[in-house]
Amino acid sequence: MALPKAFDDRIKTQLGDEYEDYIKCFESDMYHGIRVNTSKISVEDFLKISPFELEPVPWTKNGFYYDPKRCTPSKHPYYYAGLYYIQEPSAMTPASVLDIEDGDTVLDICAAPGGKSTELAAKLHGTGMLISNDISNSRAKALLKNLELFGIGNMCVVSEPPNNLSRAFEGTFDKILIDAPCSGEGMFRKSTSMMTAWENNGTELFAGLQRGILNEACKMLKPGGKLLYSTCTFSPEEDERSVEYLLSIDDSIHLIDFPKYEKFDDGNPAWGEPGNEDLKKCARLWPHHLKGEGHFIALFQKDEGDAGYGRSAYPFKPYRCDEDFLEFMGHISHDSGIKTDRIEENKGRLYYISEDMPDVKGLRLLRHGLFLGEVKKNRFEPSQSLAMYLRSDQFDNVVDLSSEDIRVIKYLKGETIEIDDMDAANGYVLVCVDGYPLGWAKNNRGVLKNKYLSGWRMMS
């Protein structure tokens with residue numbers, strides 16, 4: 001594989017005697033992985049039902065390798081049930097390292113398409129709040145879909161530049177993840193188009209973008225809070241020197257240690273401007289050292305101190321629930337966590353707003369809270385996101401099909417399916433696969449009119 005000459009010259013210097021091993025790794029295929037959605041199923045329970053041959057990713061408790069020549073996880077009903085996310089194994093590391101605690105307010109600032117956000121949300125266990133942002137509105141739509149597929153309700157999806165976020169959220173977040181835009185050198189094996197982009201843009205463009213993001217992110221971190229910075233590149237300018245840039249602009253922020261897999265390399269003090277030994281607390285993942293692509297990770301913590309700032313609470317406006325909505329909600333168990341006194345209405349669309357939602361007024365929002373469905377004349381139509389949020393035992397009218405049942409595929413393709421007319425009552429049913437929700441259908445004497453969201457349907 002012909003690497004860009006400027007990159008090849010620099011990586012030879014970086015790697016020294018290991019250069020040939022690095023070049024040799026391009027002869028092998030990249031590794032593929034899935035990460036179990038622990039907000040829906042435990043790792044142990046998933047392994048009991050998994051139809052795939054899996055091998056653990058050693059640096060991520062809920063990550064596994066799979067062989068794409070033997071299976072296609074993206075086509076299995078369990079994918080549509082949100083039981084896992086398909087993710088490159090090294091890319092699982094940042095969200096794994098950032099230690100989320102129940103009740104945290106968390107920001108994923110460059111979040112699309114959602115691989116890291118979905119893991120951060122799962123680690124919140126339905127508590128606190130996740131703000132997921134991507135400056136690209138189109139990419140943020142993919143981010144929203146993945147969060148909804150994972151069944152996440154305590155989230156807000158935003159599409160803003162970092163300076164707008166920092167004005168809105170100064171001193172707000174317990175944890176911040178920055179998976180920064182970068183030159184993508186660690187992904188050259190994954191996609192040759194990354195090499196073309198590197199030749200067009202180099203590293204300076206991205207280093208500037210990273211510093212702009214770091215300028216704003218440090219303002220949003222609470223005293224005592226943690227910030228994780230990651231890239232998928234090897235460039236010292238974008239890695240160690242970006243780390244040093246953050247340290248230089250806020251002397252209350254420091255690098256901290258985190259558990260490292262034995263095949264991770266430390267950050268290199270020689271690649272920073274002043275040769276700071278603290279850079280060894282960072283980690284670099286080389287594709288010739290482990291079964292994954294290239295990555296860089298640095299974990300920071302802000303000194304304890306007076307908060308001083310923080311976003312005010314969301315200005316909630318309660319909705320006076322009508323009879324049709326209340327009748328539907330009567331089918332949902334109380335332990336779902338959805339409180340009817342926290343429902344808000346916007347143009348007929350109903351949202352459950354958590355008490356932990358901050359004030360997001362003035363921001364470009366794709367979603368704030370859990371979208372429950374729409375109130376229409378004489379009826380309430382539940383949303384796909386509500387179906388994915390619920391557990392099968394939280395709705396009283398369920399059709400549970402085996403993953404081997406051909407009707408599951410028909411349902412996911414948007415087709416009408418039939419059941420024994422004694423298996424469910426008429427009206428809305430929650431269609432599940434092996435006990436995990438897929439979406440809604442409306443039963444009429446054993447004929448299920450398909451309500452699966454059209455944009456989510458299986459195409460082949």
Side-chain angles (χ1 to χ4, degrees), residues 80-82 126 144-145 147-157 314-355 357 365-401 411-412 414-432 436-457:
Y80 292 83
L144 172 60
K145 178 187 173 180
L147 285 167
E148 290 187 328
L149 183 64
F150 256 48
I152 307 304
N154 55 324
M155 55 88 170
C156 179
V157 177
Y314 180 83
F316 178 71
K317 297 177 182 178
Y319 167 67
R320 185 177 178 182
C321 302
D322 63 17
E323 291 183 4
D324 295 311
F325 174 66
L326 289 174
E327 190 279 330
F328 181 87
M329 289 300 296
H331 297 279
I332 296 177
S333 63
H334 293 296
D335 68 348
S336 69
I338 301 172
K339 302 174 184 177
T340 55
D341 62 353
R342 292 290 302 180
I343 307 299
E344 191 170 85
E345 183 266 344
N346 183 7
K347 298 180 181 178
R349 294 162 67 91
L350 302 186
Y351 300 85
Y352 170 67
I353 309 295
S354 163
E355 289 89 342
M357 179 70 69
L365 304 173
L366 279 77
R367 179 79 78 249
H368 61 296
L370 173 63
F371 175 43
L372 300 174
E374 295 185 70
V375 176
K376 299 192 175 180
K377 187 176 181 180
N378 298 323
R379 70 186 192 279
F380 171 72
E381 293 187 356
S383 69
Q384 181 68 35
S385 54
L386 176 59
M388 302 310 296
Y389 171 84
L390 295 171
R391 297 194 314 263
S392 60
D393 62 357
Q394 291 175 334
F395 196 72
D396 67 2
N397 200 23
V398 170
V399 171
D400 190 18
L401 304 173
Y411 173 77
L412 291 172
E415 299 175 18
T416 296
I417 60 174
E418 295 184 3
I419 59 170
D420 189 304
D421 61 10
M422 297 296 291
D423 285 348
N426 285 341
Y428 276 104
V429 297
L430 186 61
V431 180
C432 300
Y436 297 95
L438 292 171
W440 301 107
K442 204 161 188 181
N443 182 32
N444 182 14
R445 299 179 181 179
V447 177
L448 299 189
K449 183 178 180 181
N450 200 307
K451 297 290 183 178
Y452 191 66
L453 190 63
S454 59
W456 289 26
R457 289 175 183 170

Judged by atom type as modelled, is there a donor-acceptor pair below 3.5 Å linking the side chain of [X] to the main-chain atoms of [Y]?
| X | Y | result |
| --- | --- | --- |
| Arg342 | Tyr352 | no |
| Glu345 | Lys347 | yes |
| Ser354 | Asn154 | no |
| Asn450 | Tyr411 | yes |
| Glu344 | Lys317 | yes |
| Asp420 | Gly446 | no |
| Trp440 | Gln384 | no |
| Tyr389 | Ser336 | yes |

Closest heavy-atom pair and its distance - [X], [Y]:
| X | Y | answer |
| --- | --- | --- |
| Asp396 | Gly330 | OD2-O, 4.5 Å |
| Thr340 | Cys321 | O-SG, 3.8 Å |
| Leu386 | Leu372 | CD2-O, 3.6 Å |
| Val429 | Ala424 | CG1-CB, 3.9 Å |
| Cys156 | His368 | SG-CB, 3.8 Å |
| Ser392 | Cys432 | CB-SG, 3.7 Å |

Rounded to the nearest 0.5 Å, how far apart are [atom1] of [X] and [atom2] of [Y]?
| X | Y | atom1 | atom2 | result |
| --- | --- | --- | --- | --- |
| Asp400 | Tyr436 | CG | OH | 10.0 Å |
| Asn397 | Ile332 | CG | CD1 | 12.0 Å |
| Leu390 | Ile338 | CG | CD1 | 5.5 Å |
| Ser385 | Leu453 | OG | CG | 9.0 Å |
| Glu381 | Arg349 | CD | CZ | 11.5 Å |
| Leu448 | Glu415 | CG | CD | 12.5 Å |

- request: Output, in order, the C-alpha distance, side-chain angles, deciding distance and verdict of side chain to side chain contact (heavy atoms under 4.5 Å, CB included) for Met357 and Tyr351.
  value: CA-CA 12 Å; Met357 179 70 69; Tyr351 300 85; over 6 Å; no
Heavy-atom side-chain contact between [X] and [Y] under 4.5 Å:
| X | Y | answer |
| --- | --- | --- |
| Asp335 | Arg391 | yes |
| Val375 | Asp324 | no |
| Asp393 | Val398 | no |
| Tyr428 | Lys442 | yes |

- request: Just do the side chain to side chain contact (heavy atoms under 4.5 Å, CB included) check on Leu401 and Leu438 with the steps written out, would you?
  value: CA-CA 10 Å; Leu401 304 173; Leu438 292 171; over 6 Å; no
task: Any chance you could lay out the side chain to side chain contact (heavy atoms under 4.5 Å, CB included) test for Leu430 and His331, step after step, and finish with the verdict?
output: CA-CA 11 Å; Leu430 186 61; His331 297 279; over 6 Å; no
task: Using a strict cut-off of less than 4.0 Å between a Lys/Arg side-chain nitrogen and an Asp/Glu carboxylate oxygen, indicate whether Lys339 and Asp341 qualify as a salt bridge.
output: no
- prompt: Going by the angle between their ring planes, with limits at 30° and 60°, are Tyr314 and Phe316 parallel, tilted or perpendicular?
  reply: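 Tyr314 vs Phe316 ring planes: tilted.
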- request: List the steps, then state whether side chain to side chain contact (heavy atoms under 4.5 Å, CB included) holds for Met155 with Phe150.
  value: CA-CA 11 Å; Met155 55 88 170; Phe150 256 48; over 6 Å; no
query: ring pair (Phe, Tyr, Trp, His ring centres under 6.0 Å) with Phe380: which residues, sequence neighbours excluded?
result: Phe325, Phe328
